[in-house]
**Q** 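What follows is a single structure, and I will ask about it in a moment.
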Amino acid sequence: MKAYLAQIGTIIWKDVLSELKTKELFASMFIFAVLSILIFIFSINLSIVNANDVGPGVLWVAFIFSGTLGLNRSFTLEKENGCLQGMMLSPVDRTAIYFGKMISNLLFLSIMEVLILPVFMIFFNVDIISVLFSLLLVIFLGSIGFCVLGTLLSSLASNLKTREIMLPILLYPLVTPVVIGSVNMTSRLLAGEKLADMTKWIGLISCFDIVFLAVSIMTIDHILEE
Amino acid sequence: MSEELEEKEEDSEINWILWGLTVLAFSATVYAIFVYVPTEKQEGLVQRIMYYHIPSAWLSFFAFFIVFLSSILYLWKREREWDIYAQSSAEIGVVFCSLVLITGPIWAKPIWGTWWVWDARLTSTLVLWLIYVAYIMLRLQSDAGSMRARYSAVIGIAGFLNIPIIHFSVLWWRTFHPKPKMITPEGFGAGMDDSMVMTLMISLGAFTLLYFLLMGQRVRIEKMKDEIDQIKKERFYSN
């Protein structure tokens, strides 16, 4: 077990190191998220619409779009110099590769989300500080679901000719429950409701996280083959 | 070789019986829908579309379930047979899911006054349709072989397991944004007349037969393709 965790840790550390060196992914994800928020602000008139009503949706769209950017990058980067081949040749379990990639994706996405929140707060003029803890919890729960399924599909799409197109087409319909749940919870948090009143949504998203973690563990051997 | 031929002959016999049964069932359905069953009092003629709408929905759901089963069996057994079943069933499912999405708005426009309402059932059908369209796109975009079969099996499994989660999410989503409550969707709850239930049942039966007929044809085409590829390869290497 300890060796297994160490393997996962090594893969995550490898991703962090390569990101620290190139600084490609993170900056593009962040800027892309800011840009998508900006486009939404141009397309809705904030003086008419209540920011609390549209804000959560815009925030999650930004997360998901820029998250897709990160997911796309995560496995294509491995493909480029045959790194994935090398990882598969090394004596680690396929699930360890999956967990390593999933956690590093989650890590990058979470950092990006935390940095986007102040931008969101300023642009939409909403108060998130009073509900910051619950909000972070909701965002984290949703991000887990997104990364769990996203990493599985990204590993799958990276072997296709049209990988950049296929990933969102496969991913978006499947993550609908996470999007609906997270947007719902975020908007209710901003409206002043307590997290304790939303147990069924938390249950649903946790259920999604667990089901697709199980699916990923069971099917990753079939995807990372040869 | 002769055994194979016999098997094929038997197959085609079953096919003819199935074909005949389906034609009979559909004649009965058409008769029942347009002659036998009385016109619904409130909704009028347009209500008759239900006898196509509900069976299509049933058929597409059944087809997606078969995709799920075949996908699991493929990953387990690794036999091309299951991959063919999954593919054929997914194609049939998407066709009939599209029919559901087309007949729905045709009925909804005169009855609800709008083509589309973001009602739980409509939303989940649309998401379901998108999932399986993506599934077919994935199949089209990757070359034939074990990779395509494995990848699509993963999507087939993930897609079907997602259905209950999607169902609950859209159900709760709607309850938080209540819209004018329509008469129970598809006009079911109002207590149907026996003749209507009868017609619906005949139609359901006919559509189920149609599924097996289409499935048989589609599987045969795919197997023929495999055979042709095989022959081509043999020729290529023997020359």
Side-chain angles (χ1 to χ4, degrees), chain A residues 53 145 148-150 152-153 155-185 187-188 191 193 197-201 203-216 218-226, chain B residues 64 68 71-78 82-83 94 97 118 120 123-143 145-177:
Chain A
D53 291 341
V148 161
L149 191 58
L152 179 76
L153 295 180
S155 70
L156 185 154
S158 68
N159 288 318
L160 303 175
K161 277 168 278 174
T162 47
R163 51 182 85 95
E164 279 85 8
I165 310 167
M166 274 320 280
L167 178 65
I169 287 178
L170 289 169
L171 181 59
Y172 291 169
L174 286 170
V175 294
T176 355
V178 172
V179 179
I180 293 177
S182 307
V183 171
N184 198 296
M185 284 200 283
S187 72
R188 285 166 71 196
E193 282 185 56
D197 300 333
M198 303 169 211
T199 41
K200 73 175 180 185
W201 280 113
L204 187 88
I205 295 185
S206 316
C207 176
F208 181 96
D209 295 355
I210 292 163
V211 165
F212 283 101
L213 201 59
V215 169
S216 305
M218 282 190 279
T219 56
I220 195 74
D221 280 344
H222 298 287
I223 292 177
L224 296 178
E225 227 176 53
E226 286 139 278
Chain B
F64 294 149
F68 174 61
S71 300
I72 292 180
L73 282 167
Y74 177 79
L75 287 185
W76 186 18
K77 308 254 187 203
R78 291 294 175 101
W82 295 114
D83 184 41
V94 167
C97 201
W118 288 102
T123 316
S124 47
T125 312
L126 182 65
V127 174
L128 201 64
W129 185 81
L130 284 168
I131 290 176
Y132 285 92
V133 166
Y135 174 92
I136 289 179
M137 281 183 72
L138 174 68
R139 295 201 74 105
L140 290 176
Q141 307 241 335
S142 37
D143 305 319
S146 123
M147 190 188 93
R148 180 177 77 178
R150 280 183 280 121
Y151 288 5
S152 41
V154 171
I155 303 293
I157 293 170
F160 195 80
L161 286 179
N162 216 343
I163 292 176
I165 304 178
I166 292 173
H167 174 78
F168 280 111
S169 71
V170 291
L171 202 69
W172 295 339
W173 174 53
R174 283 290 296 121
T175 36
F176 287 117
H177 300 257

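Each chain gets a letter, A, B and so on, in the order its sequence line appears, and its residues count up from 1. Everything numeric here is computed off the predicted structure, so don't read it as measured data.
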**Q** If we define contacts as heavy-atom pairs under 4.5 Å, which of Leu161(B), Ile155(B), Ile157(B) has the most with chain A?
**A** Ile155(B)
**Q** Identify which part of Arg78(B) has an atom lying under 4.5 Å from any heavy atom of chain A, answering side chain, backbone, both or neither.
**A**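 Side chain only.
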**Q** Can you tell me which of Thr219(A), Leu174(A), Ile180(A) forms the most heavy-atom pairs within a distance under 4.5 Å of chain B?
**A**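 Answer, by heavy-atom pair count under 4.5 Å with chain B: Leu174(A).
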**Q** At a 4.5 Å cut-off on heavy atoms, which part of Ile165(A) comes close to chain B: side chain, backbone, both, or neither?
**A** neither
**Q** Checking ring pair (Phe, Tyr, Trp, His ring centres under 6.0 Å) for the pair Phe208(A)/Phe212(A): CA distance, chi angles, key distance, verdict?
**A** CA-CA 6 Å; Phe208(A) 181 96; Phe212(A) 283 101; 4.6 Å; yes
**Q** For the candidates Leu149(A), Thr162(A), Leu152(A), which exhibits the highest count of non-hydrogen atom pairs separated by less than 4.5 Å from chain B?
**A** Thr162(A)
**Q** Can you tell me which of Asn159(A), Ile205(A), Thr176(A) forms the most heavy-atom pairs within a distance under 4.5 Å of chain B?
**A** Asn159(A)
**Q** Do Gln141(B) and Lys161(A) come close enough that some side-chain heavy atom pair is under 4.5 Å?
**A**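 No - every pair of side-chain heavy atoms lies 4.5 Å or more apart.
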**Q** Between Trp172(B) and Trp201(A), how do the two ring planes meet: parallel, tilted or perpendicular, split at 30° and 60°?
**A** perpendicular
**Q** To check you understand the geometry: which heavy-atom pair defines the closest contact between Thr123(B) and Val170(B), and what is its length?
**A** CG2-CG1, 3.7 Å
**Q** Highest number of heavy-atom pairs under 4.5 Å with chain B: which of Val179(A), Leu160(A), Val183(A), Val215(A)?
**A**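 Option with the greatest count: Leu160(A).
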**Q** Check whether any side-chain heavy atom of Ser71(B) sits under 4.5 Å from a side-chain heavy atom of Asp83(B), and report yes or no.
**A**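 When only atoms from C-beta onward are counted, Asp83(B) and Ser71(B) do not touch, as no gap falls below 4.5 Å.
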**Q** Please identify, among Leu130(B), Ile165(B), Ile166(B), the residue contributing the most non-hydrogen atom pairs under 4.5 Å to chain A.
**A**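 Option with the greatest count: Ile165(B).
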**Q** Find out whether Leu138(B) and Met166(A) are in side-chain contact, i.e. whether some heavy atom of one side chain is under 4.5 Å from a heavy atom of the other.
**A**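 A side-chain contact exists here, since the closest heavy-atom pair is under 4.5 Å.
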